[in-house]
Amino acid sequence: MSTQTLTERPARSTLFDGMTRYIPIGATVALLLALYFGGVANYRNFDKPQVIANLFIDNAPLLVIAVGMTFVILSGGIDLSVGSVMAFSTMTCAWLTVEAGLSAPLVVALVLVFGTGWGLLIGAVIHYFNVQPFIATLVGLFLFRGLTLQISTSDMSMREVKFFQWGMTHVEVGGGIRQGGFWLPYLSFAAIAVVAVAFVVLHYTRFGRGVYAVGGNEQSALLMGLPVARTKIGVYVVSGFCASLAGVLAAFATKSADPLRHVGAELDAIAAVVIGGTLLTGGAGFVLGTLAGVMVWGLLNTLIQFQGNLSSWWARIVMGVLLLAFILLQRGLARSGEKRRT
Amino acid sequence: MNNALNRVLANQYARRLMWPVLVLLVLIAVNIAVTGFDFIWPHVSDGRLSGAFVNILRRSAPLLLIALGMTLVIATKGIDLSVGAVYAIGAAIACQTIIDGTDQSAAGLIFRAVAIALVATAVIGAWNGTMVAYFGIQPIVATLILMIAGRGIAQLVTGGQIPKVQDSSPFTELGRGEILTVPVPIWIAAAVFAALVLLTRRTALGMLLEAVGGNPEASRLAGIRSKGITVLVYLVCGLCAGLAGLIGAANLGSADANNGGLWIELDAILAVVIGGTSLLGGRFYLLGTAIGVVIIGTLGDTIINIGLSDQWQFTVKAIVVFIVALLQSPEFRAWVFKPFKRRPAAPAAAPAEEVLAK
Amino acid sequence: MSAALVSMTGIVKDFTGVRALDGVDFTLRPGEIHAVMGENGAGKSTLIKVLTGVHAHDAGEILLDGKPVRFNSPGAAQAAGIATVYQEVNLTENLSVAENLLAGREPRLGPFINFRAMRRKAKALLDDLGIDLNVAAPLSSYSIAMQQLVAIARAVDIDAKVLILDEPTSSLDRDEVAVLLGLMRRLAAERGTAMVFISHFLEQVYDICDRMTVLRNGKLVGEWATADLPESELIGHMLGREAAALEQLERSVAGHEVADEAPLLSAKGLGRKGSIAPYDLDVRRGEVVGLAGLLGSGRTETVRLIAGADRADSGSLSFDGAKVAGHNPRTAAARGIAFCPENRKTEGLVGDLTVAENMILAMQAARGWARTIPQSQRNRVVAEFIDKLGIRPGDPDMPVKNLSGGNQQKVLLARWMLIEPKLLILDEPTRGIDVGAKADIQKLVAELSGEGMAVLFVSAELDEVTRLSDRIAVLRDRELISVLESEADMTTERIVDTIVAGGGSE
Amino acid sequence: MKRRSLAGIGAGAGAALFTLSACGEDSGGDGNGGGGDGYVIGFSQVGAESAWRTANSKSVQDAAAADDRITELKFDDGQQDQEKQIAAVRSFINQAVDAIVIAPVVETGWTDVLTEASDAGIPVVLADRGVEAADEDLYVTRLGSDFEAEGRSAGEWAATTFATTPDFKILELTGTTGSAPANDRKAGFFAVLDEKGVAYTLVDSQTGNFTAEEGKATMETFITTHGLDGIQLLYAHNDEMGLGAIQAIEESGKAPGTDIQIIIVDGSKAGFQAGVDGKVNYIVECNPAFGEQLMDVVVDVIEGGSPEKFTPVEEGVFGPDQFEAELPNRQF
């Protein structure tokens with residue numbers, strides 16, 4: 001055996017390479033801070049802690065579907081069905097408890113099982129029948145909107161169901177808003193827990209690393225002997241579960257179900273994931289980036305609310321321009337970090 | 001040699017189109033069974049062709065225009081989510097220009113309105129293309145921006161109102177008129193279809209598009225102006241969406257910035273995929289897209305004709321698309337039609353590639 | 001002789017109408033290094049993929065340790081102790097070196113991956129093989145050669161009974177090949193690992209293998225001990241024709257007159273930061289200039305600047321008497337510079353398009369989309385080049401992805417010959433293709449230069465470079481260090497000396 | 001260096017927002033209000049989904065700007081999404097506005113956020129649509145249209161007009177499936193017909209989603225499926241659908257208003273114009289221009305007044321003889 005040792009320095013210093021990975025998320029966090037302090041400087045009452053707390057209250061369901069979407073996008077896929085699955089789950093919660101009179105915990109369990117099962121089905125169709133994820137999940141978008149409307153064409157209240165009171169039960173910190181404190185309901189904690197679990201799963205389990213591997217190069221992952229089928233189907237299972245969980249959280253948040261709710265939620269989730277620095281081509285990104293992306297999305301809305309004089313159309317245009325500014329910024333950074341390998 | 005080439009091409013097309021055509025025939029058969037041959041057979045009344053199927057074609061014209069543009073975009077491995085918003089912008093600009101004029105029947109004004117709307121939508125399309133080709137932004141993200149902001153722009157144009165063009169204005173002929181008894185929207189859609197087919201298949205544009213979509217880097221090294229072509233394709237797509245918006249606005253005599261062409265991008269993408277063009281880029285099939293559009297158009301009527309309530313619209317559409325998508329999957333067909341032949345659990349990636357290479 | 005470790009008998013594999021393997025037998029004994037030889041399309045890779053569970057065979061039997069097995073995924077084969085290293089690095093660049101080494105086998109604490117233990121284990125593993133890398137860095141920060149060594153290290157670590165190496169050396173330089181071969185010997189000796197080795201480099205095969213199995217057209221030709229099979233006979237078995245014919249081809253190549261005139265192409269101080277140091281290079285009409293150097297020495301980068309594929313940030317280029325400005329692939333082609341890139345699949349061909357379409361792509365691009373090549377002209381030139389280059393199958397309407405590597409390379413060559421360039425740049429035109437196609441392409445290069453075309457030629461095989469070139473530019477560490485001009489200097493040894501000396505002068 | 005440029009661009013993007021948002025500013029307003037002597041009001045609007053809605057937003061914004069008692073109106077467009085509306089209300093609570101006006105997109109699901117407002121001591125006034133009865137204690141009053149009454153008005157005219165028609169056949173173009181106006185306008189209309197014992201057949205009822213585009217398409221399908229012969233009445237839940245349907249009828253060669261009578265709800269300019277042209281037979285007004293009325297109610301509420309739970313908006317019904325006179329008064 002030759003005693004000679006082969007050494008190679010990375011094409012760039014590892015310090016820098018380590019950093020390159022964090023540039024998109026760093027940009028998101030920087031923008032988040034810029035927006036926040038810009039708001040504080042410009043608007044009265046923007047510095048209340050409850051402003052931040054509200055981001056976690058109002059965006060809890062979005063956060064949960066965005067986490068599911070992160071898994072799917074990391075694996076190189078996309079899931080357009082989440083908004084409809086979410087609406088369907090909320091509606092099912094209402095219908096089964098109010099109309100059918102089933103016990104609420106059972107209903108919630110059924111809904112979660114259902115969402116997971118849908119993810120399993122569509123994941124299997126995508127993997128085994130090689131149907132493009134965009135189309136397979138677009139089917140879900142139409143199907144569940146239709147089924148939701150078939151259950152009920154009008155909104156439905158479930159405020160009489162005791163169980164659904166749990167979600168908005170809240171914890172006060174610092175003695176309520178007026179004393180400069182803030183409050184957070186249980187459902188926000190649930191959403192934060194989902195992020196934490198997703199973080200651990202993505203970074204510290206074989207399944208999570210498999211998601212990155214499949215998103216990086218599916219063919220290689222297969223030849224490395226990784227369980228590609230299980231991983232690819234798994235991400236849709238996660239996304240289906242997250243979508244139905246988000247539906248349940250939405251049920252907790254309003255105790256009502258509306259068949260037309262969450263139209264376009266999948267696009268909000270995709271936007272949040274992209275803002276969070278995850279590449280749509282798969283393999284690169286972080287779930288904490290998605291958290292930051294959702295916060296940016298929510299903060300933009302908050303700023304528009306505080307501004308309070310944007311007409312409906314200016315609000316939309318401002319949203320679009322900010323998204324554009326952000327994406328160009330991210331793209332510029334990515335391009336400067338690009339390198340030609342030999 | 002020439003014959004052999006044509007035969008193979010014909011076969012390739014026939015294979016791609018077989019499933020969508022079958023689905024369309026089934027839908028038409030269902031309608032005929034329910035409402036009789038009147039469904040398919042047009043009649044002339046008041047000097048215009050009418051009948052259920054003609055109406056479907058007329059109403060599908062805007063979707064067809066958008067889906068055709070979308071086909072070209074998808075051929076380059078792209079996607080355009082902004083077409084619905086562009087549709088609204090085109091409609092808003094045209095109607096607003098006309099109602100701002102003094103004489104709504106003046107040909108000059110209408111010509112100007114149409115021209116401004118088409119130029120604006122072409123510019124928007126080119127902007128999308130520039131973002132994709134020159135800034136290297138993923139198409140889905142680049143066009144998402146205009147999808148969000150576009151309707152805002154359309155509302156800005158109309159000031160949030162729904163501008164109503166006088167019914168007497170010749171502008172409405174674009175949507176309501178007829179030439180030789182055939183409704184104008186069908187003429188426009190057919191003309192654009194023919195123009196795009198000629199443009200892509202009579203020139204080398206189609207092949208270059210497929211090359212750019214199939215392998216962008218190889219295309220660049222082969223000396224193709226891939227960036228220019230990408231911009232051109234998004235521009236055409238924007239133009240198609242704007243034209244569709246004009247037809248829609250002319251048909252109604254008004255422009256609804258909020259609801260005009262809402263979610264039409266999803267239907268257009270569905271039509272393209274039903275028509276056999278892969279979202280992964282490369283080969284594209286304009287005729288397939290047209291069939292896909294007619295399937296989607298027929299579906300809506302079928303639901304009402306067989307007596308299902310409106311809520312079934314989404315569900316039935318989902319089921320039909322699912323069936324077509326599965327039928328187009330070779331893996332699915334192998335699984336269903338050859339139940340006795342076991343397949344390996346892990347589908348080999350692109351087995352065809354291995355055939356002769358190894 | 002010990003009992004067979006792996007025994008494959010009567011293996012048949014069909015791909016939609018094409019029989020890739022037709023009743024092939026293969027036997028692997030413990031501790032031996034066994035070469036599978038054959039041209040491209042002979043069925044080597046298919047045989048390997050059947051054994052490793054990528055493809056399911058349609059008939060035949062596989063015995064592992066005497067027990068019948070049938071793997072339905074690479075994972076299952078790995079679990080049974082069969083590990084594989086492929087020609088193209090099959091790892092995921094976005095993950096770290098350590099993760100790539102241990103993916104699927106990460107050390108865990110409960111359900112969670114223990115990253116610290118993983119890095120330690122990965123470090124130890126690489127140290128053991130004499131490779132020094134930062135295991136926490138993303139794999140993408142290392143060269144392809146290093147990535148290949150990581151892939152091998154991964155396979156070794158699976159503690160395989162059987163290790164399959166499918167063209168592992170095609171992107172390695174000499175030192176790295178030496179490390180790999182040494183490693184293989186050690187594994188065979190110390191652990192008794194049986195190895196299947198596939199390589200186009202006959203020298204390496206003869207250096208390391210105990211036995212050889214030769215395939216041709218999906219059928220078994222035979223199995224020999226290496227010592228019993230001289231090189232010429234081996235080639236004869238692989239090609240199915242007499243080796244003498246091949247040698248004749250080679251001889252016809254050398255020696256022709258180069259017009260003594262002003263250079264067609266002249267690069268002055270051309271360079272690109274982080275890619276290739278500024279260099280001067282002239283190419284004359286009818287001249288073949290070879291570029292030699294180790295992998296990563298900047299060969300590809302040099303020609304990409306001339307071809308306009310990358311933008312130079314220093315120096316100037318003049319071509320055909322005029323200064324070149326605004327250089328890109330399109331303007332280059334318009335001037336008469338054709339470039340066949342190194343990677344056929346990702347940079348050369350459009351897989352979905354047909355043979356004919358791929359051939360006329362550059363010609364059409366030059367004309368612009370509006371001016372279509374007339375159907376009759378198109379059919380004529382396509383048929384002419386299919387015939388002239390011997391592209392098989394000769395169907396112009398077959399998607400090019402269905403062709404073998406050698407034939408794909410010929411399609412790519414045809415594309416550029418169609419625009420009748422003044423300068424043809426070939427980057428590794430013979431890599432990974434079979435001996436027959438290789439000879440065809442070498443012959444073609446000689447012919448073209450004989451007709452007055454200038455050729456810039458990059459190859460990892462020094463033999464090939466010395467055989468074809470009129471002059472040889474030698475590179476090292478992203479710098480052009482010398483141009484060898486005299487007949488006497490055009491030897492493999494001289495090139496190696498130059499490279500070594502070039503390093504010493506620094 | 002990299003990091004500095006990153007922060008720079010980030011700050012640039014942030015600055016862009018504040019510059020941009022200035023574009024939307026209406027009239028050199030004093031920005032963050034609250035400090036003055038007037039009141040700050042938060043208004044969470046449904047969206048901008050129809051001309052009616054835009055007219056409504058404009059009426060409210062104009063009335064607030066003109067009103068000396070009000071320093072600032074914080075307007076937020078919910079884009080037909082309840083969650084966006086709830087977020088806006090929470091934001092208004094944070095901004096410590098003096099009163100909150102909500103035009104709820106759906107009736108249910110408001111309990112928590114209304115409770116939060118009431119805990120913060122901020123009175124809530126509902127505009128336009130209502131919320132479910134169980135939440136009645138959580139808001140002060142609702143100012144808006146009574147959709148069921150609108151439906152009933154339409155029903156009464158139909159019952160009178162077609163009381164003696166032997167085979168009275170109706171086509172209905174409903175609003176967005178599941179929305180309160182669609183549900184109530186339908187319910188009120190048929191309740192009256194049933195109460196009055198009119199013998200009618202509802203030939204078909206499909207949604208036109210409150211848009212002209214879909215109204216027209218649905219009408220075309222009606223015509224091909226059922227034909228128009230023997231059908232007396234088309235009931236369209238809003239103007240735009242009705243106008244779309246009129247075109248479909250004209251294109252099929254029939255005369256709207258004559259061959260088939262038409263009732264529309266809303267009463268926009270375009271709707272009245274169609275009435276003047278004889279294409280519409282009856283218009284039930286749904287008045288969006290209640291901005292001034294709303295400001296009065298809100299100020300009253302802030303100052304401790306306790307108005308009735310429901311304050312109806314002034315609305316009329318118009319027959320063919322009134323169309324011409326009313327047309328100039330239309331604001332949208």
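The sequence lines fix the lettering, A, B, ..., with proteins before strands; numbering per chain opens at 1.
Between the side chain of Asp155(A) and the backbone N or O of Val106(D) there is no donor-acceptor pair closer than 3.5 Å. The main-chain N or O of Asn94(D) is found under 3.5 Å from a side-chain atom of Lys48(A) such that the two form a donor-acceptor pair. Remark: side-chain polar atoms of Lys255(A) are not paired, donor with acceptor, to backbone N or O of Thr111(D) under 3.5 angstrom.
Scanning all heavy atoms of the two residues, the minimum distance from Gln305(A) to Ser91(D) falls at OE1-CB, 3.2 Å. Across all non-hydrogen atoms, the minimal contact from Pro61(A) to Glu83(D) is CG-OE2, 4.3 Å. Nearest heavy atoms, Phe306(A) versus Lys74(D): O-NZ, 2.7 Å.
Heavy atoms closer than 4.5 Å to chain A are found nowhere in Ser44(D), neither backbone nor side chain. The contact between Glu132(D) and chain A is made entirely by side chain atoms (from C-beta outward), counting heavy-atom distances below 4.5 Å. When heavy atoms are compared at a cutoff of 4.5 Å, Ala134(D) approaches chain A by way of both its backbone and its side chain. The contact between Ala253(A) and chain D is made entirely by backbone atoms, counting heavy-atom distances below 4.5 Å. Looking at Met158(A), there are no atoms closer than 4.5 Å to chain D (heavy atoms on both sides), in backbone or side chain.
The candidate from Asn59(A), Leu33(A), Asn54(A) with the greatest count of non-hydrogen atom pairs under 4.5 Å with chain D is Asn54(A). Heavy-atom pairs under 4.5 Å with chain D were tallied for Ser312(A), Gly264(A), Pro185(A); the largest tally goes to Ser312(A). Interface summary for chain A: among Thr207(D), Asp135(D), Asp81(D), the most heavy-atom pairs under 4.5 angstrom belong to Asp135(D).
Taken to the nearest 0.5 Å, the CG atom of Asp77(D) stands 10.0 Å off from the CG atom of Leu310(A). Of the inter-residue distances, the one linking Asp76(D) atom CG with Thr302(A) atom OG1 reads 9.5 Å to the nearest 0.5 angstrom. Summarising the geometry, atom CD belonging to Glu107(D) is positioned 13.0 Å from atom CE belonging to Met156(A); distances are rounded to the nearest 0.5 Å. One distance of note links CG of Asp58(A) with CD of Gln85(D); it measures 12.5 Å at 0.5 Å rounding.
Taking the side chain as every heavy atom from C-beta outward, Gln79(D) and Arg316(A) approach each other to under 4.5 Å. Within the 4.5 Å cutoff, the side chain of Glu116(D) has heavy atoms near those of the Trp183(A) side chain. Side chains of Leu260(A) and Gln80(D) form no contact here, defined as non-hydrogen atoms less than 4.5 Å apart.
Thr108(D) and Ser256(A) share a donor-acceptor pair across their side chains, judged by distance under 3.5 Å alone. Arg261(A) and Gln82(D) share a side-chain donor-acceptor pair at under 3.5 Å.
The 12-atom threshold is not exceeded at NZ of Lys58(D), counting heavy atoms of other residues, nucleotides or ligands nearer than 6.0 Å.
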